[in-house]
4 protein chains.
Amino acid sequence: MSFKNDKRTRILRAAVKVFAQKGFYNAKVAEIAKGAGVADGTIYLYFKGKDEILISIFEEEMAKFIAKAHAQIESASQIDHKLRAFIHTHLDFVKNNPKLAQVFQLELRQSNKFIKEYTGSKLKEYLNLIGELISEGQRQGVIRADIHPGLAKRAIFGALDEVATQWVLLKRNKYDLRQSADQIADMFLRGVTNNQTSMKGGASP
Amino acid sequence: MSFKNDKRTRILRAAVKVFAQKGFYNAKVAEIAKGAGVADGTIYLYFKGKDEILISIFEEEMAKFIAKAHAQIESASQIDHKLRAFIHTHLDFVKNNPKLAQVFQLELRQSNKFIKEYTGSKLKEYLNLIGELISEGQRQGVIRADIHPGLAKRAIFGALDEVATQWVLLKRNKYDLRQSADQIADMFLRGVTNNQTSMKGGASP
Amino acid sequence: MSFKNDKRTRILRAAVKVFAQKGFYNAKVAEIAKGAGVADGTIYLYFKGKDEILISIFEEEMAKFIAKAHAQIESASQIDHKLRAFIHTHLDFVKNNPKLAQVFQLELRQSNKFIKEYTGSKLKEYLNLIGELISEGQRQGVIRADIHPGLAKRAIFGALDEVATQWVLLKRNKYDLRQSADQIADMFLRGVTNNQTSMKGGASP
Amino acid sequence: MSFKNDKRTRILRAAVKVFAQKGFYNAKVAEIAKGAGVADGTIYLYFKGKDEILISIFEEEMAKFIAKAHAQIESASQIDHKLRAFIHTHLDFVKNNPKLAQVFQLELRQSNKFIKEYTGSKLKEYLNLIGELISEGQRQGVIRADIHPGLAKRAIFGALDEVATQWVLLKRNKYDLRQSADQIADMFLRGVTNNQTSMKGGASP
DNA sequence: GATGAATGAGCGTTCATTCAT
DNA sequence: AATGAATGAACGCTCATTCAT
């Protein structure tokens with residue numbers, strides 16, 4: 001009534017719930033339809049198929065999330081603070097959206113279509129937030145020039161993703177994600193080693 | 001004849017081939033059986049189901065791989081070299097075993113059983129190789145004491161995993177994995193920032 | 001504007017095209033609507049359903065065709081010429097209206113409704129053209145009195161129908177339909193045997 | 001137990017029953033399976049799909065029927081008697097196998113696969129029985145040399161087929177098929193006209 | 001141990017038709 | 001009359017797994 005695309009939104013919302021609860025493969029389209037209060041066939045007016053629902057959830061939530069991450073980055077002035085802000089935003093999202101996180105970390109990867117045919121732009125866009133941070137830092141001379149932004153963005157994303165997945169899998173979470181965020185930021189910014197000691201020269205004097 | 005578990009081995013070998021070629025969900029048990037030269041039913045004398053074949057591949061290849069990674073680590077004397085050796089070993093494996101890498105990076109994750117019920121020890125064992133490196137480095141004072149080994153191992157593994165997945169997905173690989181390995185090692189050892197400059201103080205003099 | 005039932009006509013025209021191209025079962029009502037430039041629902045203002053479109057095509061084209069066949073028959077003076085004219089008209093129609101022929105010979109028969117519930121008058125009317133020719137011939141003494149017109153009309157129609165179907169199926173038509181028409185007329189008028197020889201008495205003297 | 005292909009036969013038998021009762025499109029594979037006392041999936045061990053069941057029924061019953069028709073033809077000595085025997089055999093089959101006749105005359109034609117992709121040999125073989133009769137008659141000089149056997153076989157088959165279809169459709173059969181057979185044989189052998197009268201010369205004296 | 005014929009649960013998707021506007 | 005978004009029934013087929021031999 002009040003919203004355009006009312007049904008589309010309702011379908012997506014219902015799908016997140018069902019996917020998180022049953023898993024992608026066990027989720028029945030009929031159940032999503034029921035949850036959304038539409039007929040089974042109606043779903044196919046808005047989405048090409050079950051995989052596309054999943055991918056749409058990803059794309060659309062990512063769009064929102066990218067905007068938020070972007071804002072968080074902008075609110076920091078220095079590169080290291082920006083990267084730290086990014087990392088925090090990433091893990092905060094996981095912590096604050098457990099259902100979506102379940103879908104992103106676990107269910108999404110079970111869709112062949114997503115893994116092997118995903119051509120959407122949001123993931124790339126998200127990764128580029130990191131890539132651009134690195135590049136910017138290099139221009140400022142804060143980040144080493146030999147760092148390959150295209151690799152660094154994958155490494156940082158991969159680290160966050162893995163930690164996020166563990167957090168989702170271990171429903172009773174041993175570690176605090178906020179603390180983890182800080183540690184991960186430290187690792188990437190300063191490395192795991194004691195800076196005083198030149199690693200090149202070795203640990204011994 | 002000459003090998004104990006001849007059939008078991010043949011089944012696993014055939015499965016790797018089929019999984020890599022068709023993907024886990026499109027792989028048919030009958031096709032694996034045919035590739036292994038056994039009857040469909042025979043497979044169930046050795047494995048509980050399709051997922052268990054996949055998981056067995058993982059467990060057994062990981063066992064070999066862990067041994068190799070362990071040896072590589074041992075062959076280095078300093079912690080940083082050990083970590084660097086580990087990272088190289090990981091990405092070398094990916095590079096040198098494209099079929100297995102495809103299975104590990106992509107197909108394995110489509111198995112609900114693996115994702116949600118995996119209880120094998122090999123992944124943990126593998127991650128602990130990293131964890132122990134970190135701990136050892138901390139005991140030596142080379143690695144900062146505030147690093148949480150349980151988190152660091154996930155972060156390092158995640159970074160490698162993500163890079164490996166990209167490498168598998170982009171069949172024509174833009175970047176050289178050996179070079180990537182060095183960069184990743186640098187990132188984790190030294191961080192991405194210029195060490196000389198205290199990040200706390202900011203980028204400007 | 002200018003035509004009464006403009007839309008109805010456009011729907012039928014579009015339907016012939018789509019049915020001939022895709023076959024009755026693969027033809028989508030939506031596609032017919034699109035072809036006719038009307039909304040899906042509009043079709044149901046003019047026809048009860050998909051089958052009825054098909055049947056309407058048949059009925060209406062048959063009406064035209066019956067008129068033509070009738071005229072052709074009338075233009076001949078003798079019964080045998082009339083029958084020959086009829087047969088020619090039938091096969092000429094097939095030859096000159098390939099799309100309609102495809103629909104009549106192949107698609108129409110896939111409609112359960114048409115096969116099992118058809119109650120229209122046109123087919124009967126058409127068959128009666130033959131039946132009446134036979135009867136007329138009998139009154140004139142030209143056609144044997146023991147011929148059952150109701151059976152003969154089916155036999156003649158069946159022969160023409162089968163030949164027409166073959167012609168439609170074999171897109172590259174081996175045989176010439178005009179020549180076939182003459183042969184069929186001969187067969188029914190004179191029989192396949194050499195008339196000189198009494199068949200009852202056998203072929204040998 | 002006692003028969004090889006026990007299941008295959010049971011499936012075909014059940015299918016004839018269900019197809020005749022419900023029609024091809026309304027027949028459910030599950031119902032055929034139930035009727036045959038096998039699991040749904042078992043059907044697909046013997047047939048590629050629903051259409052193939054239908055086509056197999058046709059091919060296999062035709063094989064039997066061709067043998068019988070062949071024998072009937074052989075038992076007659078003269079060409080005209082042979083053709084008459086053939087026609088009788090055809091319509092006797094229809095009369096004596098109402099369920100099969102229903103499937104052959106009505107349901108078979110609703111299968112797109114059968115109509116448009118049928119490549120089996122039985123129909124051709126059957127038609128050739130007639131074609132060869134014609135040819136043989138021509139060699140004996142009993143049948144006019146200008147008759148095209150390839151066309152005559154279609155005409156005769158078409159006539160029989162149409163009459164058979166009517167007989168099946170009108171469950172309460174007005175006319176006797178044995179009598180119809182004789183009439184049809186007469187029509188094709190002697191033509192519908194009074195032989196005494198030269199048609200060329202016209203009907204009037 | 002080995003076989004492979006048999007099982008049968010499971011479901012995404014289409015599309016003719018309807019009906020509120 | 002016309003629209004077109006919404007409906008929802010309907011089902012063939014696959015294939016992992018079992019089990020009698």
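Naming convention: chains lettered A, B, ... in sequence-line order (proteins, then strands); numbering from 1 in each chain.
- In this structure, CG of C:D51 is placed 14 Å from C1' of E:dC15, rounded to the nearest angstrom.
- By the 4.5 Å heavy-atom criterion applied to side chains, B:I11 and B:Y46 are counted as neighbours.
- The residue among C:K113 and A:K113 whose nearest nucleotide of DNA chain E lies closer to the 5′ end is A:K113.
- Listed by chain and number, the residues in a salt bridge (charged side-chain N to carboxylate O under 4.0 Å, His left out) with A:D161 are A:R109 (sequence neighbours excluded).
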Taking distance alone, no hydrogens or angles, what donor-acceptor pairs closer than 3.5 Å link side-chain atoms of residues 27-44 of chain C to residues at least two apart or in another chain?
{"residue": "C:E31", "atom": "OE2", "partner": "C:K22", "partner atom": "NZ", "Å": "3.2"}
{"residue": "C:T42", "atom": "OG1", "partner": "C:A39", "partner atom": "O", "Å": "3.4"}

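- Proximity of residues 13-29 of chain B to DNA chain E (heavy atom under 4.0 angstrom from any strand atom) is not detected for any residue.
- By the 4.5 Å heavy-atom criterion applied to side chains, A:N112 and B:N26 are counted as neighbours.
- Per the geometry, CD1 belonging to C:I53 stands 13 Å off C1' belonging to E:dC15, to the nearest Å.
- Within the cation-pi definition used here (under 6.0 Å to the ring centroid, within 45° of the axis), D:K50 qualifies as a partner of D:F24.
- In this structure, the side-chain contact (heavy atoms from CB on, under 4.5 Å) partners of D:N97, at least two apart in sequence or on a different chain, are D:F93, D:L100.
- The nucleotide range of DNA chain F contacted by chain A, defined by atoms under 4.0 angstrom from heavy atoms of the protein and reported 5' to 3', is F:dA6 to F:dG8.
- Residues that satisfy the salt bridge (charged side-chain N to carboxylate O under 4.0 Å, His left out) test with B:K116, not counting sequence neighbours, are A:E107.
- Contacts of C:K124 classified as side-chain contact (heavy atoms from CB on, under 4.5 Å), with partners at least two apart in sequence or in another chain: C:N128.
- Within a heavy-atom distance below 4.0 Å of DNA chain F, the residues of residues 35-42 of chain D found are D:D40, D:G41.
- Looking at C:V103 and C:K99, their side chains never come closer than 4.5 Å, going by heavy atoms from C-beta outward.
- Residues passing the ring pair (Phe, Tyr, Trp, His ring centres under 6.0 Å) test with C:F47, sequence neighbours excluded: none.
- Rounded to whole Å, the distance from OH on D:Y46 to P on E:dG4 is 15 Å.
- Along DNA chain F, the nucleotide nearest to D:A30 and the one nearest to D:L45 differ in position, and the one closer to the 5' end is contacted by D:A30.
- When rounded to the nearest whole Å, the span between CZ of B:F47 and P of E:dA2 equals 12 Å.
- You'll find the side chain of B:L106 reaches within 4.5 Å of the side chain of B:L169, heavy atoms only.
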Checklist line | Strand DNA chain E in bracket notation, Watson-Crick/G-U under 3.5 Å with | for pairs to another chain | finding: .||||||||||||||||||||
Checklist line | Audit row: D:K7, D:R10, side chain to side chain contact (heavy atoms under 4.5 Å, CB included) steps and yes/no | finding: CA-CA 5 Å; D:K7 286 193 178 127; D:R10 269 154 51 204; 3.9 Å; yes
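- Across the protein-nucleic acid pair, C:I32 atom CD1 and E:dC15 atom C1' stand 12 Å apart, rounded to whole Å.
- Summarising the geometry, the separation between NZ on A:K50 and C1' on E:dT14 is reported as 17 Å, rounded to the nearest angstrom.
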Ignoring hydrogens and angles, write down the donor-acceptor pairs under 3.5 Å from the side chains of residues 55-62 of chain B, residues two or more places apart or on other chains.
{"residue": "B:S56", "atom": "OG", "partner": "B:E52", "partner atom": "O", "Å": "2.7"}
{"residue": "B:E59", "atom": "OE2", "partner": "B:Y118", "partner atom": "OH", "Å": "2.2"}
{"residue": "B:E59", "atom": "OE2", "partner": "B:K122", "partner atom": "N", "Å": "3.4"}
{"residue": "B:E60", "atom": "OE1", "partner": "B:R8", "partner atom": "NH1", "Å": "3.3"}
{"residue": "B:E60", "atom": "OE2", "partner": "B:R8", "partner atom": "NH1", "Å": "2.6"}
{"residue": "B:E60", "atom": "OE2", "partner": "B:R8", "partner atom": "NH2", "Å": "3.1"}
{"residue": "B:E61", "atom": "OE2", "partner": "B:K64", "partner atom": "NZ", "Å": "3.1"}

